[in-house]
Every structure is written in C-alpha cells, then in structure tokens.
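The structure appears right after this line, and notes come after that.
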Amino acid sequence: MRRVFERVLAAMAVLAAVASAAQAGPTLTRADRRDGQDLSGTWNYSVDPYRDGVAGFHRGPPGTGHRRYDDSDVEQVTRADPKALYEYDMQRSPTATLPASWLTHAPEMRHYQGLVWYQRRFDAAALKPGQRAFLRFEAANYTAKVYLNGKTAGEHEGGFTPFSLEVTSLLRAGQNQVTVGVDSTPAVDGAPPPVTDWETYGGITRPVRLVITPETFVDDAWVRLTRDGKTIAADVRLDGSAAAGQAVSVKVAGLNLTLSGQAGADGVAKLTAPAPKGLRRWAPGAPVLYDVRVEAGDDVLTDRVGFRTVEVRGGDILVNGKPVFLRGICLHEEELGENPARTITEASAHALLAEARDGLHANFVRLAHYPHSEVTTRLADEMGLLVWSEIPIYWLVDFGNARTLKLARDMQADAIRRDRNRASIVLWSVANETPVSEARNAFLGTLADDVRALDDTRLVTAALLADRKIEGGRQLMGVDDPLAAKLDVLAVNTYAGWYSDDSLDAVAKIAWRPTDKPLVFSEFGADALAGFSDPALMRKFSEDFQARYYVQTLAMAANAPSLRGMSPWILKDFRSPRRQHPVYQQGWNRKGLISPTGRRKAAFKVLADYYEKLAGEGR
Ligand code: GCU
C-alpha cells in the first residue's frame, strides 16, 4: 500500500512540475538567427536613485516632467512651450554602449546600485500582414520595465535569463523609441538573495533585439539523442493562431535525416526517428555538431546541435556510455580585464574557456552561480567542454515564500528551454550551499522534479555543504543532506585548510566517506594576490600558500573513493564587495588561478599538471 502511495505522490510531483513549467511567454530561442535587428550600440542613460520616473513624491503616478519613457522629445516640447517643466531629458543624457553593466559607463557609476533608465531610437519597416514583433532581452539585471513609444511593453525579474515581450501593436513604421528602466536592487524574496559573494553588475548586460516573426512561428525546437542513445527526438513548439495541426519538419542534413509530423492542439509536434548508424556523437575532444533546420509554415529556425548521451551508472558518470572524470574549473561570468562589465562576447568567452581547456587541460566548466550567456554555452559546444549550468538559488533564499518558488521555477524553466540543445550541458544545478531545512528541501525538491519534467536527458545536481565527522579517530568528510535523494550527482564545496584551521599538512590526510552516487568537489580554493610571495611564512593570500593548498587538497582527493570530478573555485579573480582587505583584495575575491588580467599564479600549474596526468591516463 505504501509503495502505491509513494508512486501517487511521485506522479503528482511530476504533474505539478509540468504544470509549473507551463510557459509565460514565447522562448524565441536562437533570437540571433531570426529576422529583425540587433539593438546593441549607443543608448542614452539617466540615473534615477529615488525612482522619480516610477512614482511621484506622494507615491502617485509620475508627472509629465518625470516619465522617462514618454514618447516625446523634451528639447522640442520645451522650445514649443517655455512654461513646460521637465526634470529629465533622455535624448540629451549621457550615452553608453550596450550591452554592458553600467558600472563601467563612467567613473561615477562604478558603485551605483538602483534604477537606471536607458533609451534609444531605431527605425523599423512596416510589419507585413500577419507579421509579429518582439523585443527580446538576453538578460537585464535585476528587474526591467520596458516601454515602446511611450507604452508599456512588459517587465521581467531575474538578471540572468532571456525574456521576450510582444510589441506587434506598439511598433510603428519609421522611428521608434524604446525605454528600459533597469533596477539592480535585489528583492529580499528574489533569486539570488540580497547577499552573495559577487558584484551586482546592474544593467542591460546581454544583447537586446527586435525580432520579427511570421504570425505562427517556431518558438522552440528541442532536438536531441534520447537517453538510451537509440532515437533522435525533436519537440517543436509553435506559437501563433495556426499552430495546431501545422505541418512541421526537422532536417539534419549531415545525417540525411528528416523528421516530419504535425503539431497537436497544443502547438507542439513531438517527432522521432531511429538514430542513424552514421551518427557521430558529440564528446569532449570530439565536439561534432550538426546543422539542424526546423520548418513550419512560413517559418524556418536553424541551430547547431551535438548528439550524445549522459547518465549515471553505479558510481560513475558516463558520456556516450564511457565513464568520465570531470576535470573542471569554476567560472563567474566576468571577462578578463581590470574593469569588467560582464560583457561577454565570443572573444571574451573564448579567452576564458581556452584557458580552462588548453591551459588547465580541463574537460569541464562549472558556470557558477547563474545561467551564463548563451554565447558561452554555444562556445562550450564548439570547444568540446562539458558544462554545469546553475540557477542562482544561492545561500539563504526565502524558501518558505511561494513567490520565490515561482520565480525560481520560471528562472530554471527559462534557462533549460534556452539551452537544452546544448550538448555541452550535462548537469543542471538547482542550488549552491543552501542551509538544510524542511522548507529548503521541499523548495529544491520541486526544482529537481521540474528539471526532470523539462529535460530527461541530463543529470540533476546541487552544490551542497560537506559535513565532517570523527570516526575511529579519523577526520571523515562526506555528504549528509536530505536533498541527496533527489540528485543524480552529489557535489560538495569543501574548503578545509582555507575556511578552517586545518594545517595544510592535515588536509592531505582527510578521508571521505563513500557515497552511493557519483561525487564531485564542486568547489575548493584559496585566495592569493598575484605576485605576493611569502615562502618563509606561507601566509594566506600568498601564491605559495595557494599552490601548497592545491597540492594538499588534490592529495586529499585521492582519499575520496566516490569522487568522479572536481571544479576548483575559481579560474579568475572576480569582483566581490565582501572582500575588502586593502592590500590583498580591494573588492576582489582572489581565489582565481589567474589574476583579473590573466596572469597565471603558481597554483595554476599545480592543477594543470594534475589534469594533464589524468588526461594522459584517459580519465
Ligand atoms: C562559497 C561560494 C562561492 C564563494 C566562495 C568563497 O563556496 O559558493 O560563491 O565565492 O565560497 O568563499 O570564495
């Protein structure tokens, strides 16, 4: 009876997950390959720390002379009516090049947090009958209110996932004016929480596009090799009034394969075909990608997709049926340079991923602690790196709050729908270092169920806190977390020897309890200021300490029988307002193996040699 009850509960969880994954608006994957125009470039910006453009001084609606988003040219209006009072003028405000966080717009913006208004004008052709128009943002941190030609287009919360707002009825032939109010203030019940260990890069940090589509278009096409490796499957979701019953085809020219069918009443076509014998699997070191062309009605959507399987078998992680050891490194989304703006281009992403793959001999990157730019995940596909993708359920989130849970579920669904064609992604992480509680277990358990409902081809994980027990006189570390039951791969952040008073000699002797699932060290690390050497005292923050810490922690790794991978914290020093030692940190977390400008520290070679040896052994 109990087993029946458990099965009913499990089925209800998946149904709830699927229900929650119901989509708010269009996904518009591959927006960069659709018709329309890239609105990156010069925008005017105006700071608004007291949110004067949102509410008047008695908290009523903002007055005419304060509404940054009004469809008006202030200079013209005030010339025509000298009595008019305006306390803003977007067209004559300073300019900046987007996408980029506002921290680098001007020296006085370096520490600005709050609301900034952006505006630009652009020309658009008249829409043809039936065409539709969307404003698509790849990311704006943290909330965004969008207006087109003085009218509300919509809003969004969450700084790391894309959103699309339909503006068919607002777009006009000729000149248009788009205004965006971006507020970096974290919500106390949002994700990530107000306190993190990274800089809040406020602003429009990823590209903005005007996307033009047919009335019914291919919104999302998930094309993959099924988990058993036997079938090519394509779930194609159409958006538009003619979606139901629409004929759909998916062509993979390199496989001489066409999947055809019809969309159901829900606008989704689920197509399958046996995997052709000649299929060449995507894998680290052999990143084979195929051009995919999806056609439905007047619309064509293209993508480049790799086909591979990933699974857990016993205590191993297998890619294409072969056990792998994840030779990884963690990355924040922050480009090389003294003054990063979280502006990720193909070149800036390549510089970082190449340092991981070619410098460290890594086959894996943990993209912490939020969904990184699509530029990065597509590049990981091309470069043959395995990827851990994560949503910012980080430290202390308001786990008992229904609004927070809905936000987290939407964030995760948006991240998965954007990236589930990326062969490089093998792990979806639902959290990082969250304190155990009933509410947290339920919250994260729901997220784990959602992942499985949205994508049954990848593994679920989370970065947990390790626990330490003394057994038989020995220090034994391990995982003792109720969430483990919901995960495929267990992961722990372990900092023995940095955030503990263990001597570095003692670290090498710490042993780990075996786990019934594969274990990954999702973080370990120590700070070092590049160039600070202290061989005599081996003080913390010296390169000597950091190198020794790595030698000893890698020795400890040999004492973890279930270990199947690691992603030390972190490739590059990154900005964190919590790190203010005036000599060693100056607002930077210095656990990078390279400095902000890419100078390799002594510990870099320790890890690179270790991975090179593992690679040589075929691990
Ligand atoms: C934690 C956390 C990181 C943080 C790191 C550190 O494990 O996950 O976000 O930066 O430790 O303290 O440096």
Side-chain angles (χ1 to χ4, degrees), residues 20-29 31-32 34 36 38-40 43 45 48 51 53-54 68-69 98-102 113-120 132-149 151-171 178-194 200-211 219-220 239 333 342 344 370-374 391-393 397 401-419:
S20 87
Q23 215 153 317
T27 301
L28 273 177
T29 49
D32 55 328
R34 294 174 187 266
D38 186 344
L39 298 178
S40 303
W43 290 60
Y45 72 93
D48 187 2
R51 297 173 182 79
V54 175
R68 271 66 169 181
Y69 48 82
L98 297 185
S101 167
W102 62 57
Q113 295 298 342
L115 174 59
V116 174
W117 294 95
Y118 286 95
Q119 189 172 90
R120 70 157 287 172
R132 296 165 69 186
F134 298 85
L135 283 174
R136 179 185 165 93
F137 293 76
E138 297 301 331
N141 190 32
Y142 171 75
T143 55
K145 292 181 189 296
V146 182
Y147 305 83
L148 185 63
N149 303 324
K151 301 274 191 324
T152 298
E155 55 190 70
H156 181 263
E157 179 178 0
F160 306 99
T161 44
F163 57 100
S164 305
L165 304 170
E166 182 152 11
V167 292
T168 308
S169 60
L170 303 179
L171 189 73
V178 56
T179 308
V180 189
V182 185
D183 197 325
S184 64
T185 309
V188 286
D189 58 351
T200 299
Y201 284 95
I204 299 177
T205 51
R206 296 178 193 164
V208 185
R209 291 183 178 90
L210 175 73
V211 176
D219 181 44
D220 170 22
D239 187 302
E333 179 158 275
R342 201 169 261 165
I344 297 300
Y370 37 75
H372 285 217
S373 165
E374 194 172 356
I391 55 173
I393 306 306
V397 164
N401 185 320
R403 191 193 89 81
T404 313
L405 178 59
K406 167 107 180 49
L407 176 70
R409 298 179 87 174
D410 291 347
M411 207 174 270
Q412 179 163 260
D414 291 343
I416 291 176
R417 288 192 183 108
R418 186 197 79 178
D419 276 352

(request) Dump the intermediate steps for salt bridge (Lys or Arg N to Asp or Glu O under 4.0 Å) on Asp414 and Arg418, then the final yes or no. (result) CA-CA 6 Å; Asp414 291 343; Arg418 186 197 79 178; over 6 Å; no

(message) Arg209: which residues meet the salt bridge (charged side-chain N to carboxylate O under 4.0 Å, His left out) condition with it, sequence neighbours left out?
(response) Glu138

(request) Using the test side chain to side chain donor-acceptor pair (under 3.5 Å), find all partners of Tyr45 that sit at least two apart in sequence or belong to another chain. (result) none

(request) Would you give the length of the straight line joining atom CD of Gln119 to atom OH of Tyr147, rounded to the nearest 0.5 angstrom? (result) 12.0 Å

(request) Would you give the length of the straight line joining atom CG of Asn141 to atom OG1 of Thr205, rounded to the nearest 0.5 angstrom? (result) 6.0 Å

(message) Taking the basic N atoms (NZ, or NE/NH1/NH2) and the acidic carboxylate oxygens, is any pair closer than 4.0 Å for Asp220 and Arg417?
(response) no

(request) With sequence neighbours left out, write down each residue that passes ring-ring contact (aromatic ring centres under 6.0 Å, His included) with Trp43, or none if nothing qualifies. (result) none

(request) List in chain and number order the residues that pass ring-ring contact (aromatic ring centres under 6.0 Å, His included) with Tyr201, two or more places apart in sequence or in another chain; answer none if no residue qualifies. (result) none

(request) Only counting residues at least two apart or in another chain, list the ones meeting side chain to side chain donor-acceptor pair (under 3.5 Å) with Ser184. (result) Gln113

(request) Mind listing the closest non-hydrogen atom pair of Val211 and Ala31 along with its distance? (result) CG2-CB, 4.2 Å

(request) Measure the spacing between CD of Glu166 and CG of Leu28 and express it to the nearest 0.5 Å. (result) 9.0 Å

(request) Sequence neighbours left out, what passes salt bridge (charged side-chain N to carboxylate O under 4.0 Å, His left out) with Asp38? Give chain and number order. (result) none

(message) Under the rule for salt bridge (charged side-chain N to carboxylate O under 4.0 Å, His left out), what residues qualify as partners of Asp419, not counting sequence neighbours?
(response) none

(request) Give a yes or no on whether the backbone of Phe160 and the side-chain of Arg206 come within a donor-acceptor separation of less than 3.5 Å. (result) yes

(message) Nearest 0.5 angstrom please: Arg68 CZ to Asp48 CG, how far?
(response) 4.0 Å

(message) Holding to side chain to side chain donor-acceptor pair (under 3.5 Å), I want the full list of residues that pass it with Thr185, two or more places apart in sequence or in another chain.
(response) Arg51, Asp183

(message) Measuring from atom CG of Leu135 to atom CG of Leu165, what distance do you get when rounded to the nearest 0.5 angstrom?
(response) 6.5 Å

(message) Run the ring-ring contact (aromatic ring centres under 6.0 Å, His included) test against Tyr142 and tell me which residues pass, sequence neighbours left out.
(response) none

(request) Measure across Pro162 and Arg136 and return the closest heavy-atom pair with its distance rounded to 0.1 Å. (result) CB-NH2, 3.2 Å

(message) Any side-chain to backbone donor/acceptor pair from Asp219 onto Thr27? Under 3.5 Å, distance only.
(response) yes

(request) Under the side chain to side chain donor-acceptor pair (under 3.5 Å) rule, collect the residues that match up with Asp239, sequence neighbours excluded. (result) Arg132

(message) Taking side-chain contact (heavy atoms from CB on, under 4.5 Å) as the definition, give me every residue that meets it alongside Leu170, ordered by chain and number, with sequence neighbours left out.
(response) Leu148, Lys151, Ala153, Val167

(message) I need the Lys145 NZ to Thr179 OG1 distance, nearest 0.5 Å.
(response) 14.0 Å

(message) What verdict does the side chain to side chain donor-acceptor pair (under 3.5 Å) test give for Thr143 and Glu157, after you've listed the backbone C-alpha separation in whole Å, the side-chain angles of each residue and the deciding distance to 0.1 Å?
(response) CA-CA 4 Å; Thr143 55; Glu157 179 178 0; over 6 Å; no

(request) Taking salt bridge (charged side-chain N to carboxylate O under 4.0 Å, His left out) as the test, write out the residues that go with Arg342, two or more places apart. (result) none

